[in-house]
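Below, chains carry the letters A, B, ... as their sequence lines are ordered, and counting in each starts from 1. The shown structure was predicted, so the numbers you read here are calculated from the model rather than taken from an experiment.
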Amino acid sequence: MSDNAQYLELAQQVVSDALEAGATQCEVGITISNRFSAEARDTTITKVEQSKGKSMQVRVFVDGRRASLSTSDFQRAELGDALERLVDSAQYVAHDQHAGLPDSEAADLTEDLDLFSAEIQGWDPQAKLDETLRLEKVIREVDARIQNSNGAHVSDAVTTTLLANSNGFAGRYDTTRASRSVSPVALDGEAKRTGAYGTAGRHLHELESVDNVASKAVKRTVELFGARKPNTMRVPVIFERDVASSVLGDIFTALSGANVAVGNSWAADRMGERIGSPLATIIDDGRLRGALGSSPFDGEGVPTRRTVVFDRGVLQSFILDSYYGRRLGMPSTANSTGGGIGPNNFYLENGEKPLEEIIAGTKRGVLVLDTIGFATEYATGTYSRGARGFFIEDGVLAYPIEEFTIAGTFAEMLSGIDGVANDLRFDSGIVSPSFRVAEMTVSGN
Amino acid sequence: MLDLQMFERLLSIALARGGDYADIFCERRRSTSFRLQDGRIHESGFGITQGVGVRVIVGQSAGYAHSDDLSSDALERAAKIASLIAHEKNAGSVSVRVKQQAVTPLYDPNRNTHAHSSEYVSLLARADVAARAFDARIVAVNVTLSDELQDVWIAASDGRFVHDHRPLVTLGVQAVSKSGNERGSGYVGDGGRTSIAFYGGRTPESIAHEAARIAMTNLEAIPAPAGEMEMVVGSGGGGVLLHEAVGHGLESDFNRQGVSLYSGRVGERVASELVTIFDDGNLPDERGSLSVDDEGTPGSHNVLVERGILRGYMQDHLNATLMGTTSNGHGRRQSFRVLPQPRMCNTYMPDGEATVEEIIASTKRGIYAKSFAGGQVEISRGDFVFMVAEGYLIEDGKVTAPVRNATIVGNGPDVMTKVVAVGNDGCLANRHYTCGKGGQYVPVGVGMPTVKISTVTVGGSNVG
């Protein structure tokens, strides 16, 4: 494990300097990260990036007025100047009775959440380069139609996170992360098609193999060959795992206390209501062993926990840090990022059937494999995306389709979930198994 | 931040194992921001980013390392790591000399300090009051203001050494309207590479009124129709269409690698002959303007498409060299922590001849997209999606009901052949656009006159 012990002392020192400068409360978070990433195209390594970076986030409260600083300059004199400006600027901020550090709550720093891999820390750079080149080689071996690529990428990071505050909290944890991905390009007639697939985890053995990643990426590239534009219709829509995860991401944002508190959320007034179908159980869990979204404490030192957000369709909790928790009269769910709100492991609970069985049970519908577009109206809860995928007829993938949009509201989508697949994997902070929504608008011809 | 000799030493270390080119990007960025929520100043924020990135290029490969520690030990270590991309065993010792070059600054070189907190706070409060006063149904207002000063020093193994000092201010107002169970929202931001003195002419009130007006319009909006129809794209903010549908496909990395649908097509017809597209890094005050880009090349006026014919790509150093040409000032990066990429600066279309009235009157059934909330494009095929921020129906030559949540899907090259009218009302959009590519975000400008496209697919929820 890397030795960054001096940084916890620095964080504590900055906390006391801030109090000296006039702050009533202060919190200092430091992140030290060693990153490596490689890119290959065909038979050449095209990029190698390797760096050790650090950053510090300081939050001060001066009688309920908050100000924050983000800096990569750790020199004592510079920090002193910045702290003085910070405390001075706070007098122009409005007093907010809810602003402040979380109430002290001892975090269990002894439980091993299995977030660190010595194997990744010691991963030989040459092995990473070889693997990056192999991804490029295998995509071309798997399918002769793969002529080009947007590159193969292998990266890893070893990160130390430290936090200290003026309530006496001092904590630290170390994490590792590794990923591999590739994005092949193939010619479909005159037109180029791109696909991509990747895998990520805290341990090397959790990653899908190079061969697996390459062949799934190739499948995604060639399976939409000859896609056509579907007719406009209202049919069941199946969201494949990665697209389903992005839908979960939009649901997460609408449930974030920062949006709920200001009314910028379709779910704001609906606590306790049955919104989703009985299959819609959504969890945020910061303590899943080895998962990418896990950590012992959140960005303001609150111990992580498991929060049931939707229990079989009933909205049970928003996603909160201590500030928005106080504003909404609820406890923090340990989702602070140290200034904002973010996920731990936020996921839709896994189903029991394979995706293939859900497709087989769909008489006429659409399987969505990819969406583009990202604007979402969180206040109204409307969802609209450009999409690509397959038209399903009599339980089989009849033909590939593209240049259509799918639209509906999140409430309709949650209540319409009538099938959840068993393909959940924890390769990001927000994840989902594939699921089917009973009916949505598909706009094409 | 570093003396000239340090830059020379780092370049010499970077090329010690060989390599075609090396450069050092040194940056110091100071930002101040304030956020207003619920009628009160919610938070103040400061940011300091400083560090040095060292790049070594060998053929099409780049080795890169950065350091936020400015000690000579740490910097030399970074230069050594970057040098590992090269393998010449007997490169011998290299001694690189650089010479400071004069830069013609596009922005005020004397804007060296931030304003006092009280000045920022008063601008936010004025925007908040104005948005609320616009209509009693404006129920929530968020205002953000950021003021940033970025200094960059770039030294390259070809002997260049330049310094650029770049200001950037943005005031953004988000207004939310509510009536019964209906909600609407509107966002407008403006600013540029200037100072908060800008808001003496472009007042916070005028920005707030625009945001509130859009929020009120969207409150009354009907669900967007779904299906194929004509589209009239509004002047200014409609330029997002050029940025997504064409601009990204003309960035030189995608073309050099052969993954863009525009690869190898210079001189060919790629759009209707009504279509001309420029990218200009020299326009005064625009977000995408740069005295020199992040590789030290001055910004320039580039013709991308001329009367429908593809004329050229946007180049950075690496891709230009590999394509046998020179950079035209499009090498940009988010910070010292990442490698530069070819990126757009300010992308726009010059005026045509039609009036807006003629364009609207000629439209039988269509959507009038006055501005977009954002968009995305898939480079290899050119498929794009845009979300309309302010849109209306056009029925029998007249603008009728506002529509909400319209998504436009289409294909870039296809849409460009379907441009059937270009207006005479071209302008650059409000200055608040930021472009994302490969995880890097940089400020850009967009602009366009009113343009009519004969058919697009609108994705709404109203199947009619």
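- For chain A, the option among B:His116, B:Arg29, B:Glu182, B:Gln174 with the highest count of heavy-atom pairs below 4.5 Å is B:His116.
- Using a 4.5 Å cut-off between heavy atoms, A:Arg85 contacts chain B through both its backbone and its side chain.
- Here the closest heavy-atom approach between residue B:Ser260 and residue A:Lys192 is recorded as O-NZ, 3.0 Å.
- What you find for B:Val338 and A:Glu49 is that their closest heavy atoms are CA-OE1, 4.5 Å.
- The environment of B:Arg265 atom CZ is dense: over 12 non-hydrogen atoms of other residues, nucleotides or ligands sit within 6.0 angstrom.
- In terms of non-hydrogen atom pairs under 4.5 Å with chain B, the most contact-rich of A:Met440, A:Glu39, A:Lys229 is A:Lys229.
- With hydrogens and angles ignored, the 3.5 Å screen pairs a side-chain donor or acceptor of A:Ser72 with a backbone N or O of B:Gln50.
- In this structure, no portion of B:Glu244 lies under 4.5 Å from any heavy atom of chain A.
- The candidate from A:Gln147, A:Arg193, A:Lys47 with the greatest count of non-hydrogen atom pairs under 4.5 Å with chain B is A:Arg193.
- By number of non-hydrogen pairs under 4.5 angstrom with chain B, the leading residue of A:Thr371, A:Val262, A:Asn264, A:Asn231 is A:Val262.
- Annotation: the span from A:Ser33 atom OG to B:Arg337 atom CZ amounts to 10.5 Å, rounded to 0.5 Å.
- Under the 3.5 Å distance criterion, the side-chain polar atoms of A:Ser89 are left unmatched by any main-chain donor or acceptor of B:Ser44.
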>> Determine whether A:Arg327 and B:Asp38 satisfy the following criterion, side-chain contact (heavy atoms from CB on, under 4.5 Å), listing intermediate values before the conclusion.
In response: CA-CA 12 Å; A:Arg327 268 183 71 160; B:Asp38 300 332; 2.7 Å; yes

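- Not one N or O on the side chain of B:Asp383 forms a donor-acceptor pair closer than 3.5 Å with the backbone of A:Glu403.
- B:Tyr120 contributes atom OH, which lies 12.5 Å from atom OH of A:Tyr92 (distance to the nearest 0.5 angstrom).
- In this structure, the portion of A:Asp88 lying under 4.5 Å from any heavy atom of chain B is its side chain and not its backbone.
- Across A:Ser443 and B:Val458, no two heavy atoms sit closer than the pair CB-O, 4.1 Å.
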> Going through the checks in order, is the side-chain contact (heavy atoms from CB on, under 4.5 Å) test met by A:Glu402 and B:Arg381?
Replying inline: CA-CA 11 Å; A:Glu402 64 188 350; B:Arg381 286 176 53 79; 2.8 Å; yes

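- For A:Thr194, the parts lying near chain B are the backbone and the side chain together; criterion is any non-hydrogen pair under 4.5 Å.
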>> Working note: B:Phe46 + A:Leu86, criterion side-chain contact (heavy atoms from CB on, under 4.5 Å); need CA distance, chi angles, decisive distance, verdict.
In response: CA-CA 7 Å; B:Phe46 296 97; A:Leu86 201 59; 3.4 Å; yes

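- Interface remark: B:Phe386 contributes no atoms to any contact with chain A (heavy atom separation under 4.5 Å).
- For A:Arg65, no part lies near chain B; criterion is any non-hydrogen pair under 4.5 Å.
- Proximity to chain A (any heavy atom under 4.5 Å) is restricted, for B:Val121, to the side chain, taken from C-beta onward.
- For a residue to count as touching a neighbouring chain, one of its non-hydrogen atoms must lie under 4.5 Å from one of that chain's; by this rule A:Gln75 touches chain B with the side chain only.
- With a 4.5 Å cut-off on side-chain heavy atoms, A:Val48 and B:Tyr64 do not count as touching.
- Contact tally against chain A (heavy-atom pairs below 4.5 Å) for B:Arg55, B:Arg77, B:His42: the top residue is B:His42.
- Put simply, CD1 on B:Ile85 and CD1 on A:Ile45 are 7.5 Å apart, with the number rounded to the nearest 0.5 Å.
- Only the backbone of A:Ser149 comes within contact range of chain B, with at least one heavy atom under 4.5 Å from a heavy atom of that chain.
- To the nearest 0.5 Å, the span separating OG1 on B:Thr407 from CD1 on A:Ile406 amounts to 10.0 Å.
- Ranked by heavy-atom pairs shorter than 4.5 Å toward chain A, the options B:Glu378, B:Gln257, B:Glu228 are led by B:Gln257.
- With values rounded to the nearest 0.5 angstrom, B:Ile48 atom CD1 is found 10.0 Å from A:Met56 atom CE.
- A:Lys54 and B:Asp69 are not joined by a salt bridge, as no carboxylate oxygen comes within less than 4.0 angstrom of a charged side-chain nitrogen.
- Ion pairing between a basic and an acidic side chain is recognised when a charged N comes within 4.0 Å of a carboxylate O; A:Glu78 and B:Arg30 show no such pairing.
- Heavy-atom distances place both the backbone and the side chain of B:Ala62 under 4.5 Å from chain A.
- Looking at A:Ala82, the atoms closer than 4.5 Å to chain B (heavy atoms on both sides) all sit in the side chain, from C-beta outward.
- Neither the backbone nor the side chain of A:Phe36 comes within contact range of chain B, judged by heavy atoms closer than 4.5 Å.
- Neither the backbone nor the side chain of A:Glu190 comes within contact range of chain B; no heavy atom of the residue lies under 4.5 Å from a heavy atom of that chain.
- For B:Leu261, the part lying under 4.5 angstrom from a heavy atom of chain A is the backbone only.
- Between A:Ser68 and B:Glu43, the shortest heavy-atom distance links the atoms OG-OE2, 3.6 Å.
- For the options A:Ala191, A:Gly263, A:Gly53, heavy-atom pairs under 4.5 Å to chain B are most numerous at A:Gly263.
- When B:Leu70, B:Ile81, B:Leu339 are compared by the number of non-hydrogen pairs under 4.5 Å with chain A, B:Leu339 comes out ahead.
- Your options are A:Asn148, A:Leu129, A:Asp42, and the one with the most heavy-atom pairs under 4.5 Å with chain B is A:Asn148.
- Atom CD of B:Gln37 is separated from atom CG of A:Asp96 by 9.0 Å, given to the nearest 0.5 angstrom.
- No other option in A:Asn445, A:Thr44, A:Asp188 has as many heavy-atom pairs under 4.5 Å with chain B as A:Thr44.
- No donor-acceptor pair under 3.5 Å is formed between the side chain of A:Ser70 and the backbone N or O of B:Gly47.
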